[in-house]
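Notes to accompany the following structure.
Letters go in sequence order (proteins before strands), and every chain restarts at 1.
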Amino acid sequence: MTTDNRTPATPASKHFVRQIIEADLAAGRNGGQVVTRFPPEPNGYLHIGHAKAICIDFGMAQEHGGRCHLRMDDTNPAKEEMEYINSIQEDVRWLGFDWGQHFYHASDYFGSMYAFAERLIERGKAYVCAVPQDDWKDYRGVPTRPGQESPWRNRPAAESLDLFRRMKAGEFKEGALCLRAKIDMASPNIHLRDPVLYRILHAEHPHTGTTWCVYPMYDFAHPLEDAFEGVTHSLCSIEFEVHRPLYDWVIENLMAIRDAGDAAAATWFVHDHPKYQGPQQNEFARLDLTYTVMSKRKLLELVENRLVSGWDDPRLPTLCGLRRRGYTPSAIRNFVETVGVTKFNSLTEVALLEHCLREDLNKLALRRMAVLKPLKVTIENAEALPATVEAQNNPEDPAAGTRQIPFSRELLIESDDFMEVPPPKYFRLTPGGSVRIRNAGFLTCTRVEKDAAGAVQSVICHWSPQTTAMKVKGTIHWVSAPHAKQVPVRLYDRLFTVPEPDGQEQDFKTFLNPHSLEAVTAFAEPAVAEAQPGEKFQFERVAYFVADAYDSRPGAPVFNRTVTLKDLWAKAEQAKK
RNA sequence: UGCCGGAUAGUGUAACGGUAGCACAACAGACUCUGAAUCUGUUUGUCUAGGUUCAAAUCCUAGUCCGGCAACCA
């Protein structure tokens with residue numbers, strides 16, 4: 001089911017969902033099938049929190065020889081749009097999962113759901129209620145006190161049936177009536193106090209248009225969708241835990257009707273199986289990450305206030321944002337596996353995500369040289385210079401081959417790689433000192449040129465070939481100045497300055513990192529200009545970069561910094577301050 | 001304050017009555033033509049109090065703290 005088969009770095013742990021599934025399999029539940037589903041509501045873009053759910057839903061099915069359905073949970077036409085339906089599919093596919101033929105919409109089942117609702121009314125399990133929404137809170141009561149019954153609770157089934165049909169026909173205004181389950185107004189679980197099953201909505205649905213005037217509520221629709229599709233394990237996040245008794249109530253009633261031999265009911269199940277006993281809901285904790293926000297509302301706020309460039313801004317935790325930032329699907333999958341699955345409400349450090357990313361990128365990213373803040377170097381012994389030098393494309397992967405890099409007497413090095421008055425343990429270029437220049441021998445600084453203000457303008461060096469026996473502690477990167485390509489580079493950093501922008505006194509937006517994006521021009525070796533959109537590189541000693549998928553042009557790539565290399569020296573220097 | 005969950009190093013997670021382990025982070029060192037990668041080592045933990053048991057992170061009781069639930073949202 002995964003479209004690439006790189007194995008996870010961490011061996012899979014026997015988390016509680018795996019244990020449940022294996023126990024069910026051992027017990028022969030549902031005839032030994034495992035069917036799961038990923039049921040997003042198409043009202044926003046998917047983010048890394050969804051990636052966790054996707055990996056679990058598809059992963060559990062895949063691991064146990066089952067299947068996973070992709071299902072748009074489109075039961076609220078007021079909030080859902082086609083745009084999202086498309087992006088969701090793209091993102092799930094990008095993550096590496098394939099639902100095969102099993103792409104569904106909750107709205108596919110509106111007819112069956114409606115028919116089932118009528119059966120419920122006939123059996124005295126549901127009734128049409130006319131209590132206005134605002135008044136209902138008095139009937140419902142509060143958690144500590146039982147509610148009281150709706151005056152319409154015991155109206156004859158025939159009357160409810162008639163009203164329900166007229167609701168469907170569009171005879172009533174929104175809010176005038178609703179269909180309620182008849183369960184228990186005294187239940188300590190609020191969700192069991194005669195919950196709404198259907199409401200009237202005169203809205204155009206992205207999929208069913210204006211066919212329907214009544215739409216099912218999530219708590220009613222979801223268990224039905226699962227059952228109709230033959231889902232065995234309905235995995236969801238922890239906030240639905242208190243809904244489970246209602247989920248089970250719907251399933252029990254559905255199975256009772258099916259088992260009673262209702263001929264129409266048999267047609268509701270689009271994936272029936274002789275041993276299908278019904279779905280079971282299990283809940284796990286959502287993923288939360290430091291230095292970002294995850295709620296749809298807050299993400300939307302950032303996008304709408306133009307605090308980021310769009311849903312796919314590379315600083316956002318959206319899947320399209322991460323993709324544009326240069327994240328790989330396998331890094332994300334490994335991350336989700338490493339984080340594990342529990343019911344504990346956790347906050348995971350982004351450092352772990354970044355570790356998984358670097359681990360993957362280190363294996364696959366081609367190495368190139370590029371200088372971000374250039375300092376000119378002039379070689380004084382120009383007569384002996386090679387025209388080109390050879391370099392490995394990826395020392396971690398000899399199969400990536402080698403390339404020729406032009407060399408000349410005018411080089412650019414990183415200005416941080418030269419210091420006139422170096423601190424102790426500085427292994428780079430200093431007046432009178434030597435360094436190795438990557439793939440191209442050595443430089444010994446013989447002279448420093450300064451401007452009138454005393455700032456270093458350029459350094460003059462003596463060059464020694466690779467074969468020279470020279471003991472140096474450092475190696476720096478460089479580019480040949482006359483051959484250098486100037487490429488736009490965006491240096492992205494974390495979007496927020498605090499680990500938990502959410503749970504603070506002030507609004508989360510006050511913690512936006514003003515330096516989360518810095519646009520600079522880098523000087524790169526010629527091979528960099530040939531980068532294809534989406535292609536990933538390590539600019540040696542700097543960071544991993546990806547050629548932006550939208551802004552790059554043939555021969556003129558634009559780069560996004562995906563994640564920096566670890567830099568112990570910079571960290572130690574920072575610690576001194 | 002009613003109901004439902006949860007609590008193991010800084011973070012995340014394992015151990016399912018029998019030596020508290022792993023990953024990340026942090027720190028130290030080795031190695032290195034990337035101060036990267038790799039390798040080695042170090043620091044740090046079972047929410048509290050009782051109980052059961054030869055033996056408790058695990059079972060029981062009481063408490064503490066955290067999260068969720070009172071849309072005709074999902």
inquiry  = Could you check whether A:Glu525 pairs with A:Arg403 (Lys NZ or Arg NE/NH1/NH2 to Asp/Glu carboxylate O, under 4.0 Å)?
reply    = yes

Which atoms of nucleotides 7-10 of chain B (N or O only) lie under 3.5 Å from a protein N or O atom, and what are those distances?
{"from": "B:G10", "atom 1": "N2", "to": "A:Glu349", "atom 2": "OE1", "distance (Å)": "3.1"}

remark   = Contacts of A:Tyr45 meeting ring pair (Phe, Tyr, Trp, His ring centres under 6.0 Å) (sequence neighbours excluded), chain-then-number -> A:Tyr84, A:Trp311

key: Gap in Å between the two C1' atoms, one belonging to B:U8 and one to B:A15, rounded   = 10 Å

task = Considering only atom P, compute the distance from B:A20 to B:A57 and round it to an integer number of Å.
result = 8 Å

Pairs under 3.5 Å (N/O, protein and nucleotides 63-68 of chain B):
{"from": "B:G67", "atom 1": "O2'", "to": "A:Asn345", "atom 2": "ND2", "distance (Å)": "2.7"}

task = Calculate, to the nearest 0.5 Å, the distance between atoms CD and CD1 belonging to A:Glu83 and A:Ile88 respectively.
result = 10.0 Å

message = I'd like the C1' distance from B:C24 over to B:C16, given in whole Å.
response = 26 Å

task = May I ask you to establish whether A:Lys298 and A:Phe508 are in a cation-pi arrangement, using a distance under 6.0 Å from NZ or CZ to the six-membered ring centre and at most 45° from the ring axis?
result = yes

Tabulated below should be each protein N or O lying under 3.5 Å from an N or O of nucleotides 15-21 of chain B; please produce it.
{"from": "B:C16", "atom 1": "N4", "to": "A:Gln19", "atom 2": "NE2", "distance (Å)": "2.7"}

note = Between A:Phe16 and A:Asn362, the residue closer to the 5' end of RNA chain B by nearest nucleotide is A:Phe16

key: NZ (A:Lys296) with more than 12 external heavy atoms under 6.0 Å   = yes

ask   = Are there more than 12 heavy atoms of other residues, nucleotides or ligands under 6.0 Å from atom NZ of A:Lys343?
value = yes

ask   = Using atom P of each nucleotide, how far apart are B:U58 and B:G51 to the nearest Å?
value = 14 Å

ask   = Which nucleotide in the list B:G12, B:A74, B:U34 gets nearest to the side chain of A:Arg438?
value = B:U34

inquiry  = List the residues meeting ring pair (Phe, Tyr, Trp, His ring centres under 6.0 Å) with A:His243, not counting sequence neighbours, and say none if there are none.
reply    = A:His191, A:Phe240

note = Considering only heavy side-chain atoms of A:Glu80, the closest of B:A74, B:G35, B:A36 is B:A74

query = So what does A:Leu179 touch, heavy atoms closer than 4.0 Å: a base, only the sugar-phosphate, or nothing?
reply = nothing

task = Would you please name every residue forming a ring pair (Phe, Tyr, Trp, His ring centres under 6.0 Å) with A:Phe164, sequence neighbours left out?
result = A:Tyr114, A:Tyr198

request  = Please check the phosphate of B:U1 (OP1 and OP2 only) for any side-chain N or O of A:Thr144 closer than 4.0 Å.
outcome  = no

query = Does anything in residues 184-205 of chain A pair up under salt bridge (Lys or Arg N to Asp or Glu O under 4.0 Å), and if so which pairs, sequence neighbours excluded?
reply = A:Arg153-A:Asp194

query = Between B:C3, B:C24, B:U34, which nucleotide has the shortest distance from any of its atoms to the side chain of A:Pro395?
reply = B:U34

message = Let's test your reading of the model: under 3.5 Å, does the base of B:G2 pair with the side chain of A:Arg145 as donor and acceptor?
response = no

query = Does A:Glu118 pair with A:Arg165 as a salt bridge, N-O distance under 4.0 Å?
reply = yes

note = Contacts of A:Tyr291 meeting side chain to side chain contact (heavy atoms under 4.5 Å, CB included) (sequence neighbours excluded), chain-then-number -> A:Val350, A:Arg494, A:Pro499

ask   = Relative to each other, are the rings of A:Tyr104 and A:His69 parallel, tilted or perpendicular (30° and 60° limits)?
value = tilted

key: Touch class at under 4.0 angstrom, heavy-atom based, for A:Asn439 against every strand present   = base

ask   = What interatomic distance, in whole Å, is found between P of B:C65 and the corresponding atom of B:C47?
value = 16 Å

ask   = Would B:A71 be called syn or anti, given that syn covers angles within 90° of 0?
value = syn

Kindly list each side-chain donor-acceptor pair under 3.5 angstrom involving residues 167-178 of chain A, sequence neighbours excluded, with atom names and distances?
{"from": "A:Glu171", "atom 1": "OE1", "to": "A:Arg166", "atom 2": "NE", "distance (Å)": "2.8"}
{"from": "A:Glu171", "atom 1": "OE1", "to": "A:Arg166", "atom 2": "NH2", "distance (Å)": "3.4"}
{"from": "A:Glu174", "atom 1": "OE2", "to": "A:His202", "atom 2": "N", "distance (Å)": "2.7"}

Aromatic stack A:Trp569/B:G35: centroid gap under 5.5 Å, interplanar angle under 30° = yes

query = Want to settle it: does A:Thr342 or A:Arg286 sit nearer the 5' end of RNA chain B, counting the closest nucleotide to each?
reply = A:Thr342

inquiry  = From the set B:A36, B:G2, B:G5, return the single nucleotide nearest to any side-chain atom of A:Lys566.
reply    = B:A36

ask   = Given the side-chain rings of A:Phe559 and A:Phe539, with only the six-membered ring counted for Trp, is the space between their centroids under 6.0 Å?
value = yes

key: Separation of the C1' atoms in B:G21 and B:G29, to the nearest angstrom   = 24 Å

message = Tell me the interatomic distance from A:Leu246, atom CG, to B:C4, atom C1', rounded to whole angstroms.
response = 14 Å

Under the 3.5 Å Watson-Crick or G-U criterion, the dot-bracket string of RNA chain B, with | for inter-strand pairs = .((((((..((((....[..)))).(((((.......)))))....(((((..]....))))))))))).....

ask   = Which value, in whole Å, describes the distance between the C1' atoms of nucleotides B:G63 and B:C69?
value = 23 Å

query = Does A:His477 make a side-chain N or O approach to OP1 or OP2 of B:U34 shorter than 4.0 Å?
reply = no

query = Base, sugar-phosphate alone, or nothing: which one does A:Thr75 contact when heavy atoms must sit under 4.0 Å apart?
reply = sugar-phosphate

request  = Please work out whether the ring planes of A:Phe228 and A:Tyr109 are parallel, tilted or perpendicular, with thresholds of 30° and 60°.
outcome  = perpendicular

request  = Decide, yes or no, whether a salt bridge links A:Glu301 with A:Arg297 under the criterion of side-chain N to carboxylate O below 4.0 Å.
outcome  = yes

key: Test: A:Glu225 and A:Arg71 ion pair at under 4.0 Å   = yes

inquiry  = Just to verify, what does A:His50 make a ring pair (Phe, Tyr, Trp, His ring centres under 6.0 Å) with, not counting sequence neighbours?
reply    = A:His47

key: Short side-chain N/O contact from A:Arg367 to OP1 or OP2 of B:U34, under 4.0 Å   = no

task = Using the C1' atom on both, measure B:C60 against B:G41 and round to a whole Å.
result = 42 Å

task = Name the nucleic acid region contacted by A:Thr290, choosing base, sugar-phosphate or nothing; use a 4.0 angstrom heavy-atom cut-off, strictly under.
result = nothing

ask   = Should A:Lys571 be listed as having a side-chain N or O under 4.0 Å from OP1 or OP2 of B:G35?
value = no

request  = Look at the side chain of A:Thr348 and decide which nucleotide, out of B:G12, B:G35, B:C24, has an atom nearest to it.
outcome  = B:G12

ask   = Are A:Glu540 and A:Arg438 close enough for a salt bridge, meaning some N to O gap below 4.0 Å?
value = yes

ask   = NA contact type, A:Phe172, heavy-atom cut-off 4.0 Å: base, sugar-phosphate, or nothing?
value = nothing

Give each protein N/O atom lying under 3.5 Å from an N/O atom of nucleotides 70-72 of chain B, with the pair distance.
{"from": "B:A70", "atom 1": "O3'", "to": "A:Arg140", "atom 2": "NH1", "distance (Å)": "3.3"}
{"from": "B:A70", "atom 1": "O2'", "to": "A:Arg140", "atom 2": "NE", "distance (Å)": "2.2"}
{"from": "B:A70", "atom 1": "O2'", "to": "A:Arg140", "atom 2": "NH1", "distance (Å)": "3.4"}
{"from": "B:A70", "atom 1": "O2'", "to": "A:Arg140", "atom 2": "NH2", "distance (Å)": "2.5"}
{"from": "B:A71", "atom 1": "OP2", "to": "A:Arg140", "atom 2": "NH1", "distance (Å)": "3.3"}
{"from": "B:A71", "atom 1": "OP2", "to": "A:Arg140", "atom 2": "NH2", "distance (Å)": "3.2"}
{"from": "B:C72", "atom 1": "O2'", "to": "A:Gln133", "atom 2": "NE2", "distance (Å)": "3.4"}
{"from": "B:C72", "atom 1": "N4", "to": "A:Val131", "atom 2": "O", "distance (Å)": "3.2"}
{"from": "B:C72", "atom 1": "N4", "to": "A:Gly175", "atom 2": "O", "distance (Å)": "3.2"}

